[in-house]
Amino acid sequence: MEEVADEEEPIQFAKVFPRPVADVLGVGQTVFEEIRESQVDMGLEKNPWAPFDDEYEWGLAEWLSKRVNKTATDEFLKLAITKNRTQPSFTSNYTFQKKLDKLPTGPGWTCEIVTSTGDRVGGDRKPLTEQHELWRRDPVECVRDLIGNPAFKDYLSYVPEQVFADPQGKTRVYDEMWTGDWWWNMQERLPSGAVVAPVILASNKTNLTRFRGDKAAWPIYLTIGNIKKDIRRQPSKHATVLIGYLPISKMLHFKDDEGRQIARYRLFHNCMRLVTKPLVDAGRHGVDMICADRNIRRIHPILVAYIADHPEQCLIACCKENHCPRCVVGTKHRGDHFDSPLRDVNETRATLERHKNSEDPHLFEDHGLRAIYFPFWSHLPHTDIFMCITPDILHQLHKGVFKDHIVSWCSTIISDAEFDARFQAMSDFHGLRHFKRGISTVSQWTCTEHKEMQRVVLGVIAGAVEPRVFRAARAVLDFIYYAQYQAHTDTTLARMQEALDVFHVNKDVFVELGLRQHFNIPKVHSMRHYVQSIRALGSADGFNSESPERLHIDYAKDAYQASSKVDYIAQMTHWLELQEAVFRHGMFLNWVASKGGLGESLDSDLLEDEDEEPTFADSDIIPSGLLASHGYHVAKSCPFLAVSVSRLQTDFGAIDFIPALQTFLTHHFPHSSISASQYDRFDLFKSVSLRLPRRDHISDLKRLNRVRAHPAIPNRDRRKPPSPAHFDVAFVVEDHQLWESGTGFDGMSKSLSLLWAHDADTLATGLRLAQICAIFKLPSHYGKFPHPLAYVEWFRPLHDPEPATNLYQLARSTRNQRRFASVISVRDLLQAAHLMPRFGSSKVDVSWINGDVLELADEFYVNPYINFHIFDTIQHLY
């Protein structure tokens with residue numbers, strides 16, 4: 001095995017495939033090289049922006065095509081200032097569109113007419129028929145376009161790997177698709193030297209009209225598993241492409257609803273068979289393609305994953321919606337905690353054939369099949385369509401198991417009013433949504449709201465529900481968090497399975513409380529297939545339906561708005577073709593710039609990561625020395641200048657500021673004769689940003705933690721209320737000797753050890769929680785100190801978790817009946833923390849809703865779900 005090193009991540013060990021893979025058959029030109037060569041042949045070597053005159057005209061064209069509709073474009077180009085000063089080579093929308101038509105495009109669109117014959121008879125006594133338009137692109141050409149795109153050169157893999165966390169090869173790591181078992185096993189079935197191109201499809205019907213009308217589209221998207229999943233997830237990268245629009249019909253030429261429904265199912269499969277037909281020969285025999293690195297390889301595009309919600313998963317699997325699309329579990333046993341045999345492609349195909357021949361096999365009813373006799377996947381080579389049904393975190397977990405079930409059940413137990421009150425009284429944390437009116441008034445739920453609820457819901461229900469309800473809810477929450485990991489090991493998968501086991505052990509409490517009669521819930525059952533799917537295809541974040549939902553905006557809704565709303569699909573495909581051409585030309589120009597063809601790189605927003613969190617330059621981060629790459633950043637200038645000690649005490653709550661500062665001075669400046677004085681003034685910062693070490697196996701990671709410490713700030717607009725006060729809580733390294741000799745907070749630089757030892761009476765890591773009340777500069781006359789300082793109020797040391805909730809319980813630390821406070825260096829701040837009030841079993845005090853609950857509550861829980869960094873550490877993973 002060879003080492004796979006990363007600057008901040010632990011070393012991994014990769015086992016390479018034992019036979020030749022990805023043989024190079026020759027060298028060719030990438031599409032960008034072909035475009036550049038044709039420009040040179042036409043004498044346009046110095047004008048890569050062609051067909052536009054120069055960089056500035058191209059910039060105008062790019063902006064017009066992306067931001068301005070046709071009518072407004074025509075008006076803009078006919079303005080006197082445009083014609084006389086800007087003077088573009090195109091003078092109207094017509095000539096502008098002609099210019100755009102000259103840009104190189106991707107795979108072309110075709111429209112096929114698919115005819116369905118109904119069971120109703122027309123006036124001529126012949127069966128009524130309906131013609132449906134299927135708009136599609138060749139999926140093999142789309143694969144060729146993706147795998148040959150030079151922009152993806154550094155993000156492509158052509159070979160399978162088995163990755164391990166240890167040199168002995170005992171702990172597998174499942175991350176990208178090429179680290180899963182499916183690719184390795186498929187490679188063994190293909191000829192030596194071949195390359196697998198795992199095809200990932202996604203489809204979902206979406207409305208096009210926002211407030212009225214019934215216009216809808218059914219887009220089909222395609223990407224390949226060779227591209228890294230974090231690139232595939234970013235719409236701005238265009239690593240997932242649109243390959244078709246399926247027809248939508250009410251099937252009124254059928255007599256009854258049952259006939260119309262089965263006709264719609266068959267129409268879907270007929271159309272998908274036409275869309276995927278090119279994959280049959282290409283997957284079986286392979287196709288020579290020029291890859292992004294200019295090498296020619298034999299590519300086998302094989303359907304491996306299909307992203308869809310539950311109704312569409314059942315449509316794909318040809319089964320009823322009260323059955324599982326992956327296995328043959330009985331409809332009355334979906335809530336049972338045991339594995340059922342997976343559906344078998346050959347058996348299903350044979351059962352459908354026998355039913356078509358009126359043989360009425362019992363498996364047709366037992367497996368909940370529908371009368372779809374020619375499924376589109378039946379002749380796709382090397383494809384097990386039932387294994388292609390991937391986890392759907394959005395619909396199955398966030399919206400389904402969590403929101404529709406766990407939250408609903410707990411709300412019923414507690415009462416909607418109390419549930420809302422507890423959400424209203426929840427303590428603050430930077431970036432955490434505060435449900436000011438509770439959750440019952442939220443009219444439209446998105447994945448964002450679901451995730452925000454998950455961050456605090458255990459604190460809401462703690463004490464208000466019996467222990468078994470709490471354990472079941474926490475187990476579901478653990479499962480959801482594990483499911484979102486971007487990389488897994490055998491250990492994390494075992495803990496994921498353990499969380500599911502705990503839920504099933506405790507779930508009967510909901511039946512006893514009268515909230516459920518059974519657990520034959522498809523989305524609950526779907527959790528049984530997550531671990532198996534991750535081992536086969538890599539981590540589940542690579543198949544989340546959030547990505548296709550986001551693509552609907554670009555490829556359906558925006559395209560529809562650009563049309564005349566009549567015969568709109570045809571217009572949408574043309575508009576998208578032009579948008580794609582503009583994007584490709586921008587990528588081409590960046591490629592030319594990277595080769596030195598433009599002198600210096602162009603400024604373009606096309607390559608920006610829209611999902612990436614803004615970060616400071618490395619030079620702006622002050623290393624803390626606590627962990628590798630850990631550091632902090634404060635503003636260059638203080639917003640609060642010359643603050644008096646009396647204001648520190650009243651506005652910032654730094655009651656014992658002078659004695660705490662004196663203790664700090666005595667320790668760090670033992671030979672100084674200057675004492676802390678109440679007459680001194682201090683410059684204060686609003687906040688400090690803490691940069692956390694990378695954890696690439698965690699999703700939704702925010703590398704920057706912001707810790708705030710400021711009073712209410714008046715709004716410049718007097719009509720609006722002031723910005724509220726924020727005094728955040730953080731983990732602080734109180735004892736550096738214990739910290740450096742102990743296990744460490746997240747284990748990045750300490751052999752990835754455990755944060756909390758459950759068998760210890762107290763934590764022996766040198767860590768402690770504190771509320772940050774003020775962040776300030778030490779005045780120069782006291783001496784020179786290299787870091788800003790913080791006035792903090794301590795909480796008591798952490799002990800064993802509370803038995804009923806398994807959450808760590810905290811209270812304020814006091815000395816002589818006053819809060820225990822200190823002045824510390826900002827470099828000792830490790831990470832922001834969230835403390836949830838310990839509500840208990842009684843109703844929420846109304847004052848907690850309108851006041852500062854950190855000041856009003858006596859006891860708190862450490863929130864392990866506030867972010868993945870803390871969750872990952874507390875769960876003793878990695």
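All heavy atoms count here, side chains included; hydrogens, waters and symmetry mates do not.
Between the side chains of D828 and H736, at least one donor-acceptor pair of N or O atoms lies under 3.5 Å. With hydrogens and angles left out, the side-chain atoms of S813 and R768 include a donor and acceptor closer than 3.5 Å.
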Donor-acceptor pairs under 3.5 angstrom involving side-chain atoms of residues 775-785: please list them, not counting sequence neighbours.
unit_1	atom_1	unit_2	atom_2	d
H781	NE2	D680	OD2	3.4
Y782	OH	S677	N	3.2
Y782	OH	D680	OD2	2.2

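The distance between the ring centers of F795 and F820 does not fall below 6.0 angstrom. For H726 and H710, the ring centers sit closer than 6.0 Å to each other.
A search for ring pair (Phe, Tyr, Trp, His ring centres under 6.0 Å) contacts involving H787 returns Y632, not counting sequence neighbours. Qualifying salt bridge (charged side-chain N to carboxylate O under 4.0 Å, His left out) partners for E855, counting only residues two or more places apart in sequence or in other chains: R812, R819. Residues satisfying the side-chain contact (heavy atoms from CB on, under 4.5 Å) criterion with K720, sequence neighbours excluded, are N715, D717. For K229, the side chain to side chain donor-acceptor pair (under 3.5 Å) partners two or more places apart in sequence, or in a different chain, are D175, S539, D541. Judged as a ring pair (Phe, Tyr, Trp, His ring centres under 6.0 Å), and not counting sequence neighbours, the contacts of F423 are F419, F435.
Counting only heavy atoms from C-beta outward, the side chains of L432 and I866 approach each other to under 4.5 Å.
By the 30° and 60° cut-offs, the orientation of the rings of Y865 relative to F871 is tilted. Between H697 and Y485, the two ring planes are perpendicular [angle over 60°; tilted spans 30° to 60°].
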*Just do the salt bridge (charged side-chain N to carboxylate O under 4.0 Å, His left out) check on E418 and R422 with the steps written out, would you?*
CA-CA 6 Å; E418 179 65 14; R422 291 184 175 220; 3.0 Å; yes

*Under the ring pair (Phe, Tyr, Trp, His ring centres under 6.0 Å) rule, what do Y861 and Y808 come out as? Steps first, then yes or no, please.*
CA-CA 6 Å; Y861 289 123; Y808 288 91; over 10 Å; no

*Going through the distances and angles, do N544 and E546 end up as a side-chain hydrogen bond (donor to acceptor under 3.5 Å, both in side chains)?*
CA-CA 5 Å; N544 198 349; E546 286 183 59; 2.8 Å; yes

*For F657 and F682, what are the C-alpha separation, side-chain angles and deciding distance, and is it a ring pair (Phe, Tyr, Trp, His ring centres under 6.0 Å)?*
CA-CA 11 Å; F657 182 80; F682 300 84; 5.0 Å; yes

_For D428 and R708: C-alpha separation, side-chain torsions, deciding distance, then whether salt bridge (charged side-chain N to carboxylate O under 4.0 Å, His left out) applies._
CA-CA 11 Å; D428 185 35; R708 303 159 298 175; 2.8 Å; yes

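With hydrogens and angles disregarded, a donor-acceptor distance shorter than 3.5 Å links the side chain of H834 to the backbone of S427.
With rounding to the nearest 0.5 angstrom, the CZ atom of F640 is 4.0 Å from the CD1 atom of I713.
Across D478 and A499, no two heavy atoms sit closer than the pair CB-CB, 3.9 Å.
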